[in-house]
Amino acid sequence: MPQPTAVIITLGCRLNQADSAQIAEQLREHGFRLGEARDQADLIVINSCTVTGEAGRKTRQAARSARRRCPAALIAVVGCDPQVARQFWDREPAADLVLGNREKHRLIEHLPSALGGSIGERDTSESDAALWPRGRRAAGSPPADGRSGEAAVGHYPHRTRANLKVQEGCDFFCSYCIVPHARGEPRSHPLEAVLEEAHGLLGRGHRELVLTGVNLGLYRDRDCDLADLLTELSKIDRDFRLRLSSVEPGPIIPRLLEAIKRQPKICRFLHMPLQYGANRILRAMNRRYTVEEYGELARQAVATIPGLCLGTDIIVGFPGEDEAAFEQCLATVDELAFGNLHIFRYSPRPGTPAAGLSGAVAGGLAEERYRCLRRLASRKEGEFARGQIGEELHVLIEAPTPRKSGNGWSDNYLRVCLGTLPKGLQGQFARARIRAVGRGRQVEGTIET
Ligand code: SF4
C-alpha cells in the first residue's frame, strides 16, 4: 500500500502550533508522510481557531476549500472551533471527522484503517479522557497509557526553534475571551514529562525552546511553579536557550525575573499582556490588575534585567472606550519601556460577556485609534532597537542570507541581519555587535570573533 500523505493546516496561536507538532509526530509514527500540497493529500487536518468570530469563519473556509481542492481526502477539523461550535460542525458536510480539544490528540484512533487508524466513522466525541497528549498523569506515577515515562515530542521540521507546551487551559474569564470555554480548566504537564520532551527536542537539533501555554503563569506541578520549571530546564547540559511566551501579569513575574537574571540560558524577553492602559476599561475586561500594578511589574522587569525586551498586547476599541480612556491608554503605553507591541482591534466574540456590552466604538473611530497606537508602538520599538546599538547580543542564526526576518533572532527578540554567512552557521549561536537599526525591530550587526 502506498504511504498515505497528510497535510496539517494550523490556524491561530503558538499553542495550536505546538498541538499541530504533536499531531504531526503521531501521524509520522503511524506511517504518514507529511506534505504541503493539499490537492494530493489523503488526510487534511485543520487545527482550528475560534478566538474571534473571524477566526471561526476562516476555519470553516479552510474546511470547505480543502473539500473543493481535494474531494477524495479525509478532512478532520480539530481543536478550538469544534470545541465551542459543536452543533455547527455536526452538520457541516466539508468535515469527515470532528474532534474538540479534548480528543484531538487521539486523532489517529479515529482514522479509517486504510489511513493507519482503526475507526472509520464520523466522530464528534468530546470525552474528557485526553486532557493531555498521551494522558495527564500525576507526577511520579506511571503514564496513563502505560508508556514508561515517554513524552510526546513535537515534530518541527527545519526549525531552529521549537515550542514546548507545558500548560493548558485558563479560568480567568476575561470578558472578551472565549478561550476558557475552548481550552478548559488550567492543568500542567508534569515536570518530569516536560524535561523528557525538552531532551527529545534538543536531541533533534532544536536550539531554542519556547515555553508555551494558555496561561503560562498558572504552571504548577506539586510545589514547582513556572520559575522553578525554567530553572530545572536550564540545568540540561546542552548548548541551547529557553524563551517564555506570553505570561499574565501577576505574582509569578518577580520570580521569573530572578530566574532570568540567574540563568544565562533564559532569553531576556518578557511578554506581559497589558490589554489596555486605563483602569475603567481593564475592569470592564475583567482583567486582574490595575494600570499601576502593571506599571510596577514592568518597571521592575527592565530594572532587574538590563537589555530585557518587554512585550505586550493592547486591544483598541473595547466597548465603553472614550477619548479620556484612550488618551490615558496612550500615556500608559508611552511611559513604559516596551520593545515589542501587538495592537489589536477589538471584535466582539459571540458567547463572551463583552459581546453584550453597550458603548460600542464606531468602526472609523476604532480604526483611527488603532493607527494612532500603531504609530506609537513603532516609535517605542524603534527606541528599544536603537538602545541596542553597540551592544553584543546572543543570536541564534536561522538562515545564511538575511531574509525578511534577518538571519536570526537575538535573545532579546530583535531580528538581526548579519549579511551573507557561511551555510554551516545555520542553527548555531553567535555573539553579534549591533551597528545600526533597520525597519521595525530589525537591527544590523556583525559577528564578534
Ligand atoms: S488570561 Fe484572559 S485573555 Fe488570556 S486566555 Fe485566560 S481568559 Fe483569555
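Note that ligands are numbered from 1 as they come in the structure, with each ligand's atoms numbered from 1 the same way. Predicted, not measured: the structure shown is a model, and the values here were computed from it.
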Requested in this report: Would you kindly check if the NZ (Lys) or CZ (Arg) of R349 is within the cone defined by 45 degrees around the ring axis of Y176 and under 6.0 Å from the six-membered ring centre?
Outcome: no
Query raised in the report: What atoms of ligand 1 come closer than 4.0 angstrom to any heavy atom of N215?
Result: 1 (S)
Query raised in the report: After noting the C-alpha distance and the side-chain angles of D239 and K265, does the key distance pass the salt bridge (charged side-chain N to carboxylate O under 4.0 Å, His left out) rule?
Result: CA-CA 8 Å; D239 189 19; K265 278 183 182 158; over 6 Å; no
Report summary line: among protein heavy atoms, the one nearest atom 4 (Fe) of ligand 1 is E248 OE2, 3.9 Å
Query raised in the report: For ligand 1, which atoms sit closer than 4.0 Å to a heavy atom of P180?
Result: 7 (S)
Report task. Determine, for Y370 and R345, whether the Lys NZ or Arg CZ falls below 6.0 Å from the six-membered ring centre while staying within 45 degrees of the axis. Result -> yes
Report task. Note the single closest protein heavy atom to atom 6 (Fe) of ligand 1, along with its residue, its atom name and the distance in Å. Result -> C170 SG, 2.2 Å
Requested in this report: Give a yes/no on ligand 1: does R287 have at least one heavy atom closer than 4.0 angstrom to it?
Outcome: yes
Query raised in the report: Cation-pi between R441 and F384: NZ/CZ under 6.0 Å from ring centre and within 45° of the ring axis?
Result: no
Query raised in the report: Can you tell me which residue and heavy atom of the protein come closest to atom 8 (Fe) of ligand 1, and the distance to 0.1 Å?
Result: C177 SG, 2.3 Å
Query raised in the report: With under 30° as parallel and over 60° as perpendicular, where do the rings of Y294 and F338 fit, or are they tilted in between?
Result: tilted
**Report entry** Straight-line distance of L74 CG to D96 CG, nearest 0.5 Å
**Finding:** 4.5 Å
Query raised in the report: Considering only heavy atoms of Y176, which atoms of ligand 1 have at least one such atom less than 4.0 Å away?
Result: 3 (S)
Report task. State plainly whether the residues K165 and E168 are in salt-bridge range, i.e. N to O under 4.0 Å. Result -> yes
Report summary line: The protein heavy atom nearest to atom 7 (S) of ligand 1 is C174 N, 3.3 Å
Requested in this report: Check each atom of ligand 1 against the heavy atoms of V179 and keep those under 4.0 Å away; list them by number with element.
Outcome: 5 (S)
